[in-house]
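Computed over heavy atoms, backbone and side chain alike; hydrogens, waters and symmetry mates excluded. Each chain gets a letter, A, B and so on, in the order its sequence line appears, and its residues count up from 1.
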2 protein chains.
Amino acid sequence: MSFIEQANETIRAAGGRMTTQRQLIIELIEEVNDQLDAEGLFQLARERDDSINLTTIYRTLNTLESAGLIRQQYISPDHDRKYYTLTGRTYHFTCRKCKRVIPFKSDLIDQLKHHLETELHAMAINACVCVDGLCPDCQAEEQR
Amino acid sequence: MSFIEQANETIRAAGGRMTTQRQLIIELIEEVNDQLDAEGLFQLARERDDSINLTTIYRTLNTLESAGLIRQQYISPDHDRKYYTLTGRTYHFTCRKCKRVIPFKSDLIDQLKHHLETELHAMAINACVCVDGLCPDCQAEEQR
DNA sequence: TTAGATGCAAAAAGTTTGCCGACCT
DNA sequence: AGGTCGGCAAACTTTTTGCATCTAA
């Protein structure tokens, strides 16, 4: 079953409808397959439907997130904006100087979740992990 | 050297001044010795100086953070507000249902920083780690 | 004396809400 | 017909900025 089909089913199961706007937004998230914020999604969506509204983007994003179809994430420690992905198992390092974002994966995060479950008996559902500092290039530049 | 003295020195070294407002804010952060947001600090500060302004709180918090005297942190995955502490080496688990916040420490986070340094050659300075899910009580309740 | 800090009000940025009309089923 | 959804504008929340005044050094 494709993601669109799955989304359709999930939304219907919750008593909702698969509108053209929702379909477009889901398609874009799937296509881009990377972190997207509401504004970025809005820009892309307008290319295909120039009557779509930012509010609709926000509302759809919230609906999809509540349904568990997409995942909300912050990228930089500034936390200026919320980003969304389908899976969201990639974390991000942001350079303080050049603002470059380097994605990374680490099983330490799953270990951390496990640690919480055994030590605190807390069931971890989602984790925000943002790290910042200096990227290799900016470290080298700093050295000079 | 007390924290106040250290703060005084650091601020002066940066060409700044130790005003009564700054002193009050620093004292409160040290006294409370826990996560504080701008609004919470403002409430406390007003009890001792009812002419203090929220803007001053924000500006002082930013000044102290730039000077490396306090650390900025987010607590819940909502990231609604910024919190500050002196040291900031405690992370937080937030329950989705009852909103309870459980602080925790873990060296996995230092391991993660180390991992980033060896794998990405990125120098980690600060990390935001917020985990949410269900606390033991709410899990039990869910079961019923 | 004078750069730096404060207070006040207003702006900014991201996100949410209220309302009404349009659309699905 | 009845509930759901989208568009628009306005509200909201947290944080920042501009400007005149004041104050520490």
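Whole-Å rounding puts the B:Arg81 CZ to D:dT16 P distance at 13 Å. When the P atom of D:dT14 is taken as reference, atom CD1 of B:Ile57 falls 15 Å away, rounded to whole Å. In this structure, B:Phe42 atom CZ and D:dT15 atom C1' are separated by 14 Å, rounded to whole Å. Following rounding to the nearest Å, A:Arg46 (CZ) and D:dG6 (P) show an atom-to-atom distance of 17 Å. Computed from coordinates, the B:Leu41 CG to D:dT15 C1' distance equals 15 Å when rounded to whole Å. Rounded to a whole Å, the CZ atom of A:Arg22 is 11 Å from the P atom of D:dG7. Separating the CG atom of B:Leu61 from the C1' atom of D:dT16 is a distance of 13 Å, rounded to the nearest angstrom. Residue B:Asn53 contributes atom CG, which lies 15 Å from atom P of D:dT15 at whole-angstrom precision.
The side chain of B:Gln21 places no N or O atom within less than 4.0 Å of a non-bridging phosphate oxygen (OP1 or OP2) of D:dT23. Put simply, B:Thr55 has no side-chain N or O that comes within less than 4.0 Å of OP1 or OP2 on D:dT17.
Note on B:Leu120: it does not cluster hydrophobically with A:Leu134, by side-chain heavy-atom contacts below 4.5 Å among ILVMFWY residues. Hydrophobic clustering of Ile, Leu, Val, Met, Phe, Trp and Tyr side chains at less than 4.5 Å, counting indirect connections, unites B:Phe3 with B:Leu24.
By the 4.5 Å heavy-atom criterion applied to side chains, B:Asp137 and B:Cys98 are not counted as neighbours. In this structure the side chain of A:Val129 never reaches within 4.5 angstrom of the side chain of B:Val131, judged on heavy atoms. Put simply, the side chain of B:Ile102 does not reach to within 4.5 Å of the side chain of A:Leu116, judged on heavy atoms. Between A:Thr60 and A:Leu41, the closest side-chain pair of non-hydrogen atoms is not below 4.5 Å.
For the residue pair A:Gln43 and A:Glu47, no side-chain donor N or O sits within less than 3.5 Å of a side-chain acceptor on the partner.
In this structure a side-chain-to-backbone donor-acceptor pair under 3.5 Å is missing from B:Asp107 to B:Asp110. Using a distance-only test at 3.5 Å, with no hydrogens or angles considered, a donor-acceptor pair links the side chain of A:Arg22 to the main chain of A:Arg17. Not one N or O on the side chain of A:Gln6 forms a donor-acceptor pair closer than 3.5 Å with the backbone of A:Leu69. Looking at B:Gln73, its side chain does come within 3.5 Å of a backbone N or O of B:Thr90 through a donor-acceptor pair.
Shown are B:Thr56, B:Asp49, B:Thr55; of these, the side-chain hydrogen bond (donor to acceptor under 3.5 Å, both in side chains) with B:Asn53 is made only by B:Thr55.
Across its full length, the helix from C:dT1-D:dA25 to C:dT25-D:dA1 shows an angle of 30° between the axes of its 5 terminal pairs at either end, rounded to 10 degrees.
Here B:Arg59 lies in heavy-atom contact (under 4.0 Å) with a base. Using a 4.0 Å heavy-atom criterion, one finds that A:Asp37 contacts no nucleic acid atom at all.
Near DNA chain C, defined here as any heavy-atom distance below 4.0 Å, the residues from residues 5-19 of chain B are B:Gly15, B:Gly16, B:Arg17, B:Thr19, listed numerically.
For DNA chain C, the span of nucleotides reached by chain A at under 4.0 Å from its heavy atoms goes, 5' to 3', from C:dG14 to C:dT25.
Where A:Lys82 and B:Leu54 each meet DNA chain C at their nearest nucleotide, the meeting point lying more 5' is that of B:Leu54.
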